[in-house]
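In what follows, every heavy atom counts, from backbone to side chain, and hydrogens, waters and symmetry copies are set aside.
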Amino acid sequence: MIISVANQKGGCGKTTTVANLGSVLAEGYKVLLIDIDPQGNLTTHFGIDKSSLKSTIYDVMLIGRLEDAIITKGHLDIVPSTIDLAGAEVELNGKIGREYILDNELKGISKKYDFVLIDTPPSLGIFTLNSLVASDYVLIPVQAEFFALEGLTQLMRVVELVNSRLSRNLKLLGMVITMFNSRTRSSKEVLEDVRKHYSKSLLKTVIPRNVTITDSTMAGSPVVRYRKSAPASKSYIALANEIEKILKVK
């Protein structure tokens with residue numbers, strides 16, 4: 001199962017979702033995480049020293065050989081990213097078939113894994129497009145704050161275009177509310193708005209705003225490993241269980 005975690009809106013919890021969902025799934029499955037964001041936040045999330053990397057997603061996008069960029073961190077594998085990736089978009093400009101680079105690379109390696117999770121950048125550029133083209137499903141984190149629904153229609157349109165124009169069969173795995181604060185009116189209103197407009201797509205699990213997530217990121221570890229008893233950890237474990245049931249992998 002190849003899953004892109006995507007939303008062109010920044011700060012909605014894509015990286016945290018990939019890191020923690022991947023870590024939970026890795027307890028029972030073979031998991032590969034791919035950081036295809038030039039900011040490299042997923043790479044940082046796992047405490048990886050970017051200066052020591054011999055190969056990253058940048059090399060994969062320009063040269064190939066995805067297997068050379070894989071590093072093992074705990075129970076899962078990661079393809080890291082650095083700011084160098086920002087230059088790849090220009091270098092790939094005009095290249096025929098550039099939308100299929102990641103898809104082609106994953107064809108030779110995806111059978112080694114039960115799950116491949118891709119952390120996408122906060123844009124609908126070539127890297128997000130590569131991720132969507134390569135994926136079976138897209139998971140959309142929605143931040144529980146005002147303006148959270150902005151851009152969702154555009155993202156859904158891109159998913160439709162990937163299927164119709166690039167002959168894919170990309171499915172929406174669902175939307176998950178992140179950074180939810182039950183004490184604020186805005187969080188509750190966003191949750192109700194998403195339920196109203198996307199009731200069939202909204203997952204049951206809600207990820208709370210939790211300071212432990214920030215602490216764990218600073219420690220270079222997903223919160224589910226840093227403090228399994230934290231409310232956010234319990235929610236990500238619930239999210240993994242919900243996704244397993246939807247995909248019927250158990």
Side-chain angles (χ1 to χ4, degrees), residues 1-22 24-25 29 31-37 42 99-100 102-103 106 110 113-145 147-180 190-207 235-250:
M1 302 287 181
I2 304 176
I3 303 170
S4 280
V5 179
N7 189 333
Q8 70 270 37
K9 182 173 172 28
C12 62
K14 290 188 294 292
T15 299
T16 304
T17 298
V18 171
N20 286 283
L21 180 59
V24 176
L25 291 172
Y29 303 96
V31 176
L32 173 67
L33 307 184
I34 298 178
D35 189 350
I36 199 168
D37 183 351
L42 182 66
E99 300 90 351
Y100 299 94
L102 186 58
D103 182 46
L106 279 172
S110 61
Y113 297 95
D114 300 304
F115 286 95
V116 178
L117 304 182
I118 309 173
D119 186 23
T120 62
S123 70
L124 293 176
I126 187 60
F127 302 131
T128 297
L129 186 57
N130 256 268
S131 302
L132 295 176
V133 168
S135 295
D136 303 302
Y137 297 92
V138 57
L139 175 66
I140 305 174
V142 180
Q143 184 179 6
E145 292 188 2
F147 308 116
L149 299 186
E150 284 189 354
L152 284 182
T153 300
Q154 185 183 8
L155 178 57
M156 298 306 297
R157 190 177 299 121
V158 169
V159 171
E160 293 175 1
L161 290 174
V162 165
N163 287 332
S164 62
R165 296 190 182 182
L166 299 176
S167 303
R168 302 285 102 177
N169 188 29
L170 179 63
K171 303 179 185 68
L172 175 62
L173 181 55
M175 298 177 182
V176 56
I177 296 293
T178 61
M179 305 180 190
F180 182 78
V190 168
L191 179 56
E192 289 306 312
D193 282 345
V194 177
R195 281 176 176 162
K196 179 180 178 181
H197 294 96
Y198 300 98
S199 59
K200 293 182 180 179
S201 304
L202 182 63
L203 299 180
K204 295 178 181 178
T205 305
V206 174
I207 309 298
S235 293
Y236 278 115
I237 292 169
L239 178 63
N241 291 334
E242 184 175 2
I243 288 174
E244 284 177 330
K245 290 178 181 178
I246 291 172
L247 299 179
K248 299 177 181 178
V249 291
K250 273 196 170 180

Non-neighbouring partners of [X] that pass side chain to side chain contact (heavy atoms under 4.5 Å, CB included), sequence neighbours left out:
{"X": "Leu172", "result": "Val138, Ile140, Met156, Ser201"}
{"X": "Ile2", "result": "Leu106, Ser110, Val116, Ile118, Ser135, Asp136"}
{"X": "Ile237", "result": "Val24, Lys228, Asn241"}

Restricting to side chain to side chain donor-acceptor pair (under 3.5 Å), what partner residues turn up for [X], sequence neighbours left out?
{"X": "Thr15", "value": "Asp119"}
{"X": "Glu160", "value": "none"}
{"X": "Tyr198", "value": "none"}

Listed by chain and number, what are the salt bridge (charged side-chain N to carboxylate O under 4.0 Å, His left out) partners of Glu145, not counting sequence neighbours? Arg209

The criterion is salt bridge (charged side-chain N to carboxylate O under 4.0 Å, His left out); which residues satisfy it with Arg157, sequence neighbours excluded? none

Between Arg168 and Asp103, is the closest basic N to carboxylate O distance under 4.0 Å? yes

By the ring pair (Phe, Tyr, Trp, His ring centres under 6.0 Å) test, which pairs, at least two apart or in different chains, include something from residues 114-134? Tyr29-Phe115

I need the full list of side chain to side chain donor-acceptor pair (under 3.5 Å) pairs touching residues 121-132, with sequence neighbours left out, sorted by first then second residue. none

Measure the shortest side-chain to side-chain distance between Ile126 and Glu99 over non-hydrogen atoms and say whether it is less than 4.5 angstrom. yes

